[in-house]
Protein chains: 2
Amino acid sequence: MKKISSRTIARALLYLRTLETLIRDGKDTVSSRELARITGLTDVQIRKDISNFGKVGTPGVGYNVAELKKVLEDIVLAKKVIRMALFGAGHLGTAILKYPAFGKQKLRIVAAFDRDKRKIGRTINGVKVYPVEKAPEIIRKNRVDIGIIAVPPESGQKVADLMVLSGLKAIVNFAPVSLNVPGAVSVRDIDLSIEFLSVYCDTQK
Amino acid sequence: MKKISSRTIARALLYLRTLETLIRDGKDTVSSRELARITGLTDVQIRKDISNFGKVGTPGVGYNVAELKKVLEDIVLAKKVIRMALFGAGHLGTAILKYPAFGKQKLRIVAAFDRDKRKIGRTINGVKVYPVEKAPEIIRKNRVDIGIIAVPPESGQKVADLMVLSGLKAIVNFAPVSLNVPGAVSVRDIDLSIEFLSVYCDTQK
DNA sequence: GACTGTGAATAAGTTCACAGCT
DNA sequence: AGCTGTGAACTTATTCACAGTC
């Protein structure tokens with residue numbers, strides 16, 4: 001099978017999200033044109049993306065919503081639950097712990113870590129906060145897939161090191177600092193300041 | 001002046017962030033190679049990006065940190081404060097209101113909006129929460145540049161409509177829903193589920 | 001020798017144009 | 001007629017290769 005670019009995968013996840021709302025609305029068929037209208041992408045882009053995953057559509061009709069969802073899920077996601085560990089139970093960390101959309105999905109935060117004695121031992125939205133030292137053990141025991149960094153920038157690299165040491169291969173980093181990790185580990189950086197500044201710049205030039 | 005792609009601008013903002021830490025560390029010169037090591041990009045990419053903004057470096061030496069920072073700031077950002085308005089004072093909204101890094105930057109949240117009577121009138125981290133109805137007036141009066149959507153997905157489009165109506169040209173959307181807005185408005189979507197799933201997929205294929 | 005800046009080459013991503021199915 | 005699927009054309013972004021500066 002030809003390898004699928006990470007941009008295509010991100011769009012596939014967007015299609016999945018869209019399909020879920022279509023299912024809720026009782027639609028059972030959708031055309032690339034309509035998906036385009038909803039998502040803001042072009043219809044060709046959508047057909048091209050979906051064609052990566054096989055011939056799913058019916059000419060003259062469109063895609064069967066349930067079938068397309070199944071195909072995208074099978075290829076883009078394994079069906080198992082994806083386990084995450086959160087580092088940093090501050091404001092942002094707590095917001096992530098309480099993020100409601102995870103509930104309906106395969107995403108599950110299985111443990112949180114912090115160094116603050118006052119936070120350790122607490123349970124936030126059903127997730128227990130452990131001392132950072134316990135991370136390697138807990139991460140391995142729970143077969144965690146993704147590490148989330150929501151600590152201040154000066155601790156970001158230390159946490160990343162600990163994640164690598166614990167065997168994590170995927171990191172989402174909210175700390176505004178560039179992480180140095182082995183090439184086999186993939187990192188998605190989300191620096192809120194950069195996101196805001198960057199959309200603002202888009203409107204200027 | 002040739003127009004600069006939005007990806008280049010995003011990297012420029014990353015360089016700025018990096019330069020700020022270099023300044024804190026007392027460095028006054030940096031090579032593209034070193035910036036590459038820190039950011040994880042390539043040195044050529046960095047030189048190419050910076051060359052978009054003029055000839056700033058000194059061959060054999062590198063870039064003067066303060067000068068490069070000034071050049072990037074002048075071109076990528078106006079020097080003025082960038083004003084933001086937040087919609088939705090739930091967990092995520094509150095985390096954004098309390099996000100410490102904005103303090104040191106040009107980013108300022110000037111108002112928050114919510115429909116929940118219990119939240120309206122409160123002040124979170126110095127920002128007052130207003131009823132949604134007041135948004136157009138307050139946004140115009142304060143010359144807000146960016147709207148932030150941190151409401152549940154079912155209210156996302158309504159909030160986006162209100163933002164467009166209020167004259168906002170830049171939106172950062174944390175609600176997991178595709179927004180329909182005029183082409184002149186630029187939107188940056190951050191769907192946490194998609195971000196997590198997508199970094200996980202990167203490690204799988 | 002160590003570095004920047006850049007045209008040329010390459011790669012990646014998107015859009016076009018249309019063949020083919022229902 | 002109304003769609004999907006896809007090779008080919010095009011556009012955008014990255015990397016190479018190296019001339020030129022300090």
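Reminder, nothing fancy here: chain letters follow the sequence lines and each chain counts from 1.
- Salt-bridge formation is detected for the pair E34(B)/K27(B): a Lys NZ or Arg NE/NH1/NH2 atom is positioned less than 4.0 Å from an Asp or Glu carboxylate oxygen.
- You can see that DNA chain C meets the heavy atoms of chain A within a 4.0 Å-exclusive cut from dG13(C) to dT22(C), reading 5' to 3'.
- Taking atom NZ on K55(B) and atom P on dA19(D), their separation rounds to 16 Å, with Å as the unit.
- In this structure, CZ of R11(B) is placed 8 Å from C1' of dA13(D), rounded to the nearest angstrom.
- Both S32(B) and K48(B) lie near DNA chain C, and the one whose nearest nucleotide falls closer to the 5' end is S32(B).
- When each of V44(A) and Q45(B) is assigned the nucleotide of DNA chain D bearing its nearest heavy atom, the one mapping closer to the 5' terminus is V44(A).
- Atom pair R47(B):CZ and dC16(D):P shows a separation of 11 Å (rounding to whole Å applied).
- For V61(A) and T42(A), each mapped to the nucleotide of DNA chain C holding its nearest heavy atom, the one lying further toward the 5' end belongs to T42(A).
- Ion pair K69(B)/E73(B) flagged as a salt bridge, since at least one NZ, NE, NH1 or NH2 atom sits closer than 4.0 Å to an Asp/Glu carboxylate oxygen.
- The nearest heavy atom of DNA chain D to S6(B) and to R33(A) marks one nucleotide each, and the one closer to the 5' end goes with R33(A).
- Q157(A) is listed as a side-chain neighbour of N180(A), based on a closest heavy-atom distance under 4.5 Å.
- Counted by atom type alone, R17(A) and S193(B) present zero donor-acceptor pairs between their side chains at under 3.5 Å.
- Among the protein residues, R7(A) comes within range of the sugar-phosphate backbone only, with heavy atoms under 4.0 Å from sugar or phosphate atoms but none that close to a base.
- Between Y63(A) and dG2(D), a side-chain N or O to OP1/OP2 separation shorter than 4.0 Å is absent.
- A 4.5 Å side-chain heavy-atom check between L162(B) and P136(B) finds at least one atom pair inside the cut-off.
- Nucleic acid contact for T8(B): none, since no nucleic acid atom lies under 4.0 Å from a heavy atom of the residue.
- Ring planes of Y130(A) and F113(A): tilted class, angle from 30 to 60°.
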